[in-house]
Amino acid sequence: MIILFIILGISPLFLIIASVNIGWNFYIRSFNKSLRSGNEVMLTFDDGPHPGNTEKVLDILAQSNTKAIFFLIGERAIEHPEIVRRIVKEGHLAGIHSMRHTAGFTVAPAKMVTGDLDACRKILEDLSGEKIYLFRPPFGVTNFNIAKAVRKLNLKTIGWSVRSFDTAIKSPEKVIDRVAGRIHPGAIVLLHDRLPESAEILSGILREIKNRGLKPTIFKEIYD
Ligand SMILES: [Zn+2]
């Protein structure tokens, strides 16, 4: 058993697999689900702001009086500041999702990662007027350099327990079924607000959440 751990511990394959499995908490201790949520679940949206699609998601959230977290891309936030302001004004939280969401981010040295996340944070703080401290790694990839940047900037990393695969599965109904089949009390659901189908998917998921007696909200642990 010990030998197995040593082999796993030094295996490059293990390090790679760990880097694409945020839930393993190998590089970064991320918040992936709530253990004290009661019947609450939390919805998160990545890759915005996206003009046209993010607003439709915001409309649905407003209609159902639901608050969520939006992990925003810095360069998109600069291009669409009015959407960032609307997100925050309507009671949602904004978080960091890197400046550009490039594959290069996942192999960048720690200093570059730190600079990138700090720049994204400053943009979101300037636009929102709020303190920004939440972070979701692009592609969900973590590694030693990203971990170093997160420590340095004192960010809270948010993972997920239910992945919708909404960017990969073409049918909104299948995405809704997938999430409905996996949702649980304390779940953090990973969604995207940049798709033309995002609002439709959200509507379906809210319906399924309600049918199961669950309540979508922002967990208290986020503010701890
Ligand atoms: Zn993303």
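A 4.5 Å side-chain heavy-atom check between V189 and V179 finds at least one atom pair inside the cut-off. Under the 4.5 Å side-chain criterion, counting only non-hydrogen atoms from C-beta, I123 is not in contact with V84. Residues R86 and E90 are in side-chain contact: their nearest non-hydrogen atoms beyond the backbone lie under 4.5 Å apart. For the pair T114/L153, a side-chain contact is recorded, criterion being any heavy-atom separation below 4.5 Å from C-beta on. Residues M42 and T217 are not in side-chain contact: their nearest non-hydrogen atoms beyond the backbone lie 4.5 Å or more apart.
The CD atom of E173 lies 4.5 Å from the CD1 atom of I176; values are rounded to the nearest 0.5 Å.
Panel note: side chain S37, backbone N39; no donor-acceptor pair is recorded below 3.5 Å. Of the possible donor and acceptor atoms, one in the side chain of E125 sits under 3.5 Å from a partner among the backbone N and O of I132. Using modelled atom types, no side-chain atom of S128 and backbone atom of V88 make a donor-acceptor pair closer than 3.5 Å.
Between D118 and R121 a salt bridge is recorded (basic side-chain N to carboxylate O distance below 4.0 Å).
Residues D193 and S198 have side chains that never bring a donor and an acceptor to within less than 3.5 angstrom of each other. Residues D47 and H101 bring a donor and an acceptor atom of their side chains to less than 3.5 Å of each other. No hydrogens or angles considered: a donor-acceptor pair under 3.5 Å links the side chains of E221 and S34. Side chain to side chain, T44 and R136 meet the donor-acceptor criterion of an N or O pair below 3.5 Å. Under 3.5 Å, the side chains of T106 and N143 contain no donor-acceptor pair of N or O atoms. For H192 and D166, the side-chain atoms include at least one donor-acceptor pair closer than 3.5 Å.
Counted within 6.0 Å of CZ on R29, heavy atoms from surrounding residues, nucleotides or ligands total 12 or fewer; the atom is thus considered open.
Between V41 and P185 the shortest heavy-atom distance is CG1-CA, 4.5 Å.
Here F139 and F105 keep their ring centres 6.0 angstrom or further from each other. In this structure, F45 has its ring center no closer than 6.0 Å to that of F71.
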